[in-house]
Each structure stands twice: as C-alpha cells, then as structure tokens.
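Along the sequence shown, residues carry numbers from 1.
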Amino acid sequence: MTSPAALLEVAKAAAAAGAAVLAGRNTEALQASNKGDSGDWVTAFDVAAEHAVRDVIAAARPGDAITGEEHGTTRPAEPTGYRWSIDPLDGTTNFIRNIVYYATSVAVADADGAWLAGVVNAPALGRVYYAARGQGAWLEEAGRVTRLEGPVPGRKGQILATGFSYDPGVRAEQAAFLAGLMDGFADVRRLGSAALDLCLVADGTHDAYGERGLNEHDFSAGALIAEEAGCWVRRPRLASPLEGGPADADRLEAWTCAGGLELSGKFPL
C-alpha cells in the first residue's frame, strides 16, 4: 500500500509537467477545435499537457491505471488498483482567450474509489493547490505555503460560484434555477474552471460552489482539496471511467458542491 503523501509527490510532479506546457501558451500554436458542443474546445496544449502528465505518472507508477479527458483510459497489464484522473487543461475556453483561470488537475484514487491525493496547478495565477487524504489542504504561492481552512463562517456578502452546461436545454434549466439557488447569497461568480472554483472554496475566496453536469476529471482533485480544507463536499455518484463512465443524462443531472458547513443544505439532493 502506498501512502497518500507518497502519491501526492507524484501528483505534484505530474501536475507541474502539465502546467509547464500551459505556461508556454502561444496564440499562434493553439490549434483550437470543438469536441462536439459549441463551447467545448480542445487545443494542442490540452493534448500536449496530458501527454506530459501521463509520462510522469507512467514513469513513477507503471502499474497504475490512468483516465484522462483527452486520451481516455490506460489499463496496465498488472494493475496495482490505484487510478489517476487527469484534466490537463481545466478552463480551455479561458486559456484560448487568455483569461487566467485555467489549470492542470491531477488526482489519484485507490481500488475502492477513495481519493487519496490531488493537485491543481494554475500557472497563470502562480498557484499550486494540493491535498493528501488526512493531511490537510495547502496552497503554494510566491514561495509561501499556506494551510487552507475554507470560507469564513457566517460572513456577510457571501459569494456563490457556479457554471453552466454547453447544452442549451440544460443551460436554460440551470439559469432558471439560479434565482432560487442565490437565496442568501450576495452575488455569483462564474470563472470557467470547476477545479479552481473548488480550490477557491478551499482557500475561502468563494463561500460555496455548486454545478450540475461535471465530469469526474473536473472535480477529482479540487473536491479533495476542499474536503481537506474542512469544507462540506458532495461528489456525484456516477459510473467510473473504468466502467465506461456515466451516461450523459446521468452526468447532466448530478451536482458537485462544496462550501462552508453552514451552507450544506443550500443545494438540491
């Protein structure tokens, strides 16, 4: 059995490799194209960053399975039971338009599906968020390491973060639901990166975050970071990518949520 701390070191190195690719952003080299929905973009940097992340993991942990946004599932001949979930570029639209909220997200789970370590590396922000199960959540920024403790309880002017589906019908439902969801909050933010939204709950910037329709690679690292910061977190109960992943209808109905403990009742079950 490998300790969460040891897995975290691999996750840090893998996320740093992906983030280094993103840090070389060049408008002329984007090669952006749609993956299906009109807002669901992929670039040459998504692909290159995932290759970089996978290379680090495969070198350090050749018996682990890997599931990623761009290159699907890699199954080793002699599996250890550990599985890595990769989003090489969470916030691709932001990246294309040079909006700074994007990151490489890397997380690892054991054979029972428990998330053990996660890293969200945001090169344009100069921030690395990370957590290992049972060891708290942390932020490295400008040479400083800070322990994360979630939002300030009961503060005035609370902010809700959310996101919207690429599917027009689902997006219309989400927009109609937002007014009720906003009850008790002073304002709303939509940054365009689920991984970073969850980390911003962990560091207390957002008071809560809730969104329908995420894929596992969107929340795998960020949800653990928020959880280890002491936040209330709810992950979707969806089919594993090792089993082919969830049907679109199931995914689009499922909520991913995080917030201070007093906000745990704000989101639909």
Side-chain angles (χ1 to χ4, degrees), residues 7-8 10-12 14-19 21-22 35-37 39-43 45-58 61 64-75 82-95 101-110 113-122 128-131 163 165-166 191-199 209 211-227 233-248 250-252 254-258:
L7 293 167
L8 177 60
V10 178
K12 282 183 175 180
V21 173
L22 305 188
K35 290 193 287 188
D37 293 310
D40 192 8
W41 293 93
V42 63
T43 71
F45 288 86
D46 296 70
V47 175
E50 184 157 329
H51 278 304
V53 172
R54 284 173 177 265
D55 286 347
V56 171
I57 295 170
R61 307 274 310 174
D64 293 356
I66 302 174
T67 56
E69 180 175 15
E70 306 305 336
H71 297 310
T73 298
T74 300
R75 299 176 185 269
Y82 294 96
R83 178 174 65 84
W84 295 81
S85 178
I86 301 167
D87 192 340
L89 174 46
D90 187 58
T92 299
T93 298
N94 287 347
F95 184 80
Y101 293 101
Y102 56 83
T104 296
S105 172
V106 178
V108 58
D110 65 15
W115 295 104
L116 301 179
V119 179
V120 176
N121 189 318
V128 182
Y129 293 91
Y130 62 89
S165 173
Y166 299 123
L191 301 184
S193 166
L196 281 171
D197 275 326
L198 287 160
C199 290
Y209 165 74
E211 184 172 351
R212 278 174 56 190
L214 296 185
N215 291 293
E216 180 197 85
H217 53 254
D218 296 317
F219 65 76
S220 54
L224 177 63
I225 292 164
E227 196 169 58
V233 173
R234 187 170 85 233
R235 299 172 181 83
R237 295 182 179 179
L238 299 170
S240 166
L242 292 178
E243 300 167 355
D248 283 345
D250 292 336
R251 177 180 59 81
L252 290 170
W255 282 83
T256 302
C257 311

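For the residue pair S193/D90, the side-chain donor-acceptor check at 3.5 Å is satisfied. T67 and R83 are linked by a side-chain donor-acceptor pair at a separation below 3.5 angstrom, with hydrogens and angles left out of the test. Counting only N and O atoms by type, the side chains of D87 and T104 include no donor and acceptor under 3.5 Å apart.
A distance of 9.5 Å separates OH of Y209 from CG of L191, quoted to the nearest 0.5 Å. R234 CZ to E227 CD: the interatomic distance, rounded to the nearest 0.5 Å, is 13.0 Å. Between R212 atom CZ and S165 atom OG the span is 8.0 Å, to the nearest 0.5 Å. Rounded to the nearest 0.5 Å, atoms CD (E70) and CD (E50) are 6.0 Å apart. For the atom pair CG (L7) and CG (L116), the distance works out to 6.0 Å, reported to the nearest 0.5 Å. Note: K12 NZ to Y130 OH = 4.0 Å, rounded to the nearest 0.5 Å.
A salt bridge does not link R235 with E216: none of the charged nitrogens is closer than 4.0 Å to a carboxylate oxygen.
Looking at residues two or more places apart in sequence or on another chain, you find a side chain to side chain contact (heavy atoms under 4.5 Å, CB included) between A226 and A202, C231, V233, A258. Every ring-ring contact (aromatic ring centres under 6.0 Å, His included) that F95 has, sequence neighbours left out, goes to F45, Y102.
In terms of heavy atoms, E69 sits closest to P88 at CB-CD, 4.2 Å. G118 and A221 get closest at one heavy-atom pair: CA-CB, 3.9 Å. Nearest heavy atom pair, residue N121 against residue A19, reads OD1-CB, 3.3 Å.
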Inset, instruction - Please step through side chain to side chain contact (heavy atoms under 4.5 Å, CB included) for the pair I86 and H217, ending with a clear verdict. - result: CA-CA 6 Å; I86 301 167; H217 53 254; over 6 Å; no
Legend entry - Chi angles and distances behind the side chain to side chain contact (heavy atoms under 4.5 Å, CB included) call for T73, I66: CA-CA 6 Å; T73 298; I66 302 174; over 6 Å; no
Inset, instruction - Just do the side chain to side chain contact (heavy atoms under 4.5 Å, CB included) check on I225 and L198 with the steps written out, would you? - result: CA-CA 8 Å; I225 292 164; L198 287 160; over 6 Å; no
Legend entry - Verdict with reasoning, H51 to V21, per side chain to side chain contact (heavy atoms under 4.5 Å, CB included): CA-CA 10 Å; H51 278 304; V21 173; over 6 Å; no
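Under the 4.5 Å side-chain criterion, counting only non-hydrogen atoms from C-beta, V119 is in contact with L8. In this structure, W255 and P236 have side chains that are not in contact, with every pair of non-hydrogen atoms separated by 4.5 Å or more. Side-chain contact between F219 and E211 is absent, with no heavy-atom pair separated by less than 4.5 Å.
Other residues, nucleotides and ligands place no more than 12 heavy atoms under 6.0 Å from the OH atom of Y101.
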